[in-house]
Protein chains: 2
Amino acid sequence: MAAVDLTTHPGHLARRLQQAHYLLWNTMVSEEITSPQFAVLNTLVAEPGLDQRTVGERVGLDRSTIAEVISRLGRRGLLDKVRDPQDGRRFLLRLTDDGLRTHKKLTVRTARMNQVFLAPLSAEEQTLFFDLIRRVADAAEGLRNPGEPLVAQP
Amino acid sequence: MAAVDLTTHPGHLARRLQQAHYLLWNTMVSEEITSPQFAVLNTLVAEPGLDQRTVGERVGLDRSTIAEVISRLGRRGLLDKVRDPQDGRRFLLRLTDDGLRTHKKLTVRTARMNQVFLAPLSAEEQTLFFDLIRRVADAAEGLRNPGEPLVAQP
DNA sequence: CAGAAATAATCAGTGCCCTGACTAATTGAG
DNA sequence: CTCAATTAGTCAGGGCACTGATTATTTCTG
């Protein structure tokens with residue numbers, strides 16, 4: 001008694017959605033490279049030479065997690081880490097040729113996978129799907145970062 | 001060049017949504033009990049005496065993961081595992097008084113959290129949010145399980 | 001310029017999530 | 001009734017995700 005209906009709990013739904021995506025990714029895209037790893041490759045294609053922390057920020061991974069992901073990609077020879085000569089704390093990241101090739105290959109497969117994944121929704125529903133999730137996620141993130149006010153107060 | 005916009009990738013969005021939920025849960029609901037753990041407690045409130053595998057099925061966790069979650073809840077004294085006298089492979093699970101108390105307390109906080117989490121959406125949008133995510137997740141799960149046909153063919 | 005504050009990265013620890021291989025118990029077919 | 005197939009659970013291994021503590025470097029302030 002007093003049990004709750006989990007299908008109306010956004011957290012439970014979010015988890016199921018992510019699991020479903022994970023499984024489809026494994027069968028349709030790659031068993032080697034994961035979706036977060038692809039996100040990192042993609043960021044470095046757009047902005048080569050970024051440092052680790054910034055890449056993490058772009059793809060939404062904290063400093064610990066991004067370190068692990070980068071380390072795996074480095075071990076697989078998909079990217080290079082070079083100490084920043086301007087700032088000895090940073091490492092600058094850059095894809096290798098193999099990394100670029102891998103990104104290209106996975107981009108095609110990812111597009112196919114996304115189509116299959118979203119097939120149950122009409123085009124308008126897909127737009128709505130993105131919009132609703134983005135708004136909820138953005139708002140929740142904003143709750144943590146007290147938010148940059150329009151005018152910086154000292 | 002040739003980089004892709006991640007904000008139109010459902011997998012990336014799903015991951016961000018789940019992370020956002022995780023963080024809010026930690027601040028508004030509990031730092032001890034996680035959302036999947038609560039889902040297990042909730043299932044056992046509704047159906048005491050269920051076996052481990054079935055609980056996993058109800059909350060969407062595979063046999064390995066559910067084993068870990070159950071083991072943690074057991075260590076915390078929130079549930080009891082008893083060997084099924086009818087079937088020596090199974091363990092029957094039941095919440096302790098402490099488990100019931102914890103579930104009750106978290107149910108209230110979870111409801112509050114869900115309100116905050118979904119606050120950026122109107123009531124109609126919230127309904128849509130659930131519906132769209134559920135349809136996508138269900139369809140993707142159905143792709144793995146070849147599906148129970150309406151008439152069983154031998 | 002020296003010491004304090006901030007920043008980039010690492011490490012230890014906890015928990016979720018999956019696969020594939022394995023053990024123990026039950027069920028089913030010959 | 002016996003042996004094979006199925007089923008519940010465990011274990012090893014890899015990866016994602018967070019917090020809190022630590023180290024090294026840079027920057028800011030007095």
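Order of the sequence lines sets the chain letters (A, B, ...), proteins ahead of strands, with each chain counted from 1.
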Nearest-Å distance, [atom1] ([X]) to [atom2] ([N])?
X	N	atom1	atom2	answer
B:Arg83	C:dT23	CZ	P	16 Å
B:Glu57	D:dG9	CD	P	11 Å
A:Leu61	D:dC18	CG	P	7 Å
B:Gln18	D:dG15	CD	P	19 Å
A:Ile70	C:dA8	CD1	P	14 Å
B:Arg75	C:dG15	CZ	C1'	10 Å
B:His21	C:dG15	NE2	P	18 Å
B:Glu31	C:dG13	CD	C1'	15 Å

(request) Using the side chain to side chain donor-acceptor pair (under 3.5 Å) rule, collect all pairs that involve residues 117-132 of chain B, keeping only residues at least two apart or in two chains. (result) A:Arg135-B:Glu125, B:Ser122-B:Glu124, B:Ser122-B:Glu125, B:Asp131-B:Arg135
(request) Kindly state each residue pair satisfying side chain to side chain donor-acceptor pair (under 3.5 Å) with at least one member in residues 73-82 of chain A, sequence neighbours excluded. (result) A:Glu32-A:Arg76
Enumerate the protein-to-nucleotides 10-14 of chain D contacts in which both atoms are nitrogen or oxygen and the separation is below 3.5 Å.
| from | atom 1 | to | atom 2 | distance (Å) |
| --- | --- | --- | --- | --- |
| D:dT10 | OP1 | B:Lys81 | NZ | 2.9 |
| D:dT10 | OP2 | B:Gln52 | NE2 | 2.9 |
| D:dC11 | N4 | B:Ser64 | OG | 2.7 |

Between the protein and nucleotides 26-29 of chain C, which nitrogen or oxygen pairs are less than 3.5 angstrom apart?
| from | atom 1 | to | atom 2 | distance (Å) |
| --- | --- | --- | --- | --- |
| C:dT26 | OP1 | B:Gly88 | N | 2.9 |

(request) Quick one: list whatever passes side chain to side chain contact (heavy atoms under 4.5 Å, CB included) with B:Arg58, sequence neighbours left out. (result) B:Thr43, B:Glu47, B:Leu50, B:Thr54
For [X], enumerate each residue passing the side chain to side chain donor-acceptor pair (under 3.5 Å) test, keeping only those at least two apart in sequence or located in another chain.
X	answer
A:Ser30	none
A:Asp62	A:Thr65
B:Asp138	A:Arg16

(message) Heavy-atom nearest nucleotide on DNA chain D for A:Glu32 versus A:Asp62: which residue maps closer to 5'?
(response) A:Glu32
(request) Could you note down all residue pairs passing ring pair (Phe, Tyr, Trp, His ring centres under 6.0 Å) where residues 3-24 of chain A supplies at least one of them, sequence neighbours left out? (result) A:His21-A:Trp25, A:His21-A:Phe117
(message) By the 4.0 Å heavy-atom rule, please label A:Asp51 as base, sugar-phosphate, or nothing.
(response) sugar-phosphate
(request) Could you work out which one of C:dA9, D:dG15, C:dC17 sits closest to the side chain of A:Arg90? (result) C:dA9
(request) Without swapping roles, check the side chain of A:Ser35 against the backbone of B:Gly11 for a donor-acceptor pair under 3.5 Å. (result) no
Looking at [N], I'd like to know if its phosphate oxygens (OP1 or OP2) sit under 4.0 Å from a side-chain N or O belonging to [X].
X	N	value
B:Thr34	C:dG15	no
A:Gln19	C:dC18	yes
A:Arg53	C:dA9	no

(message) Does either side chain, that of A:Thr7 or that of A:Asp5, offer a donor lying less than 3.5 Å from an acceptor on the other one?
(response) yes
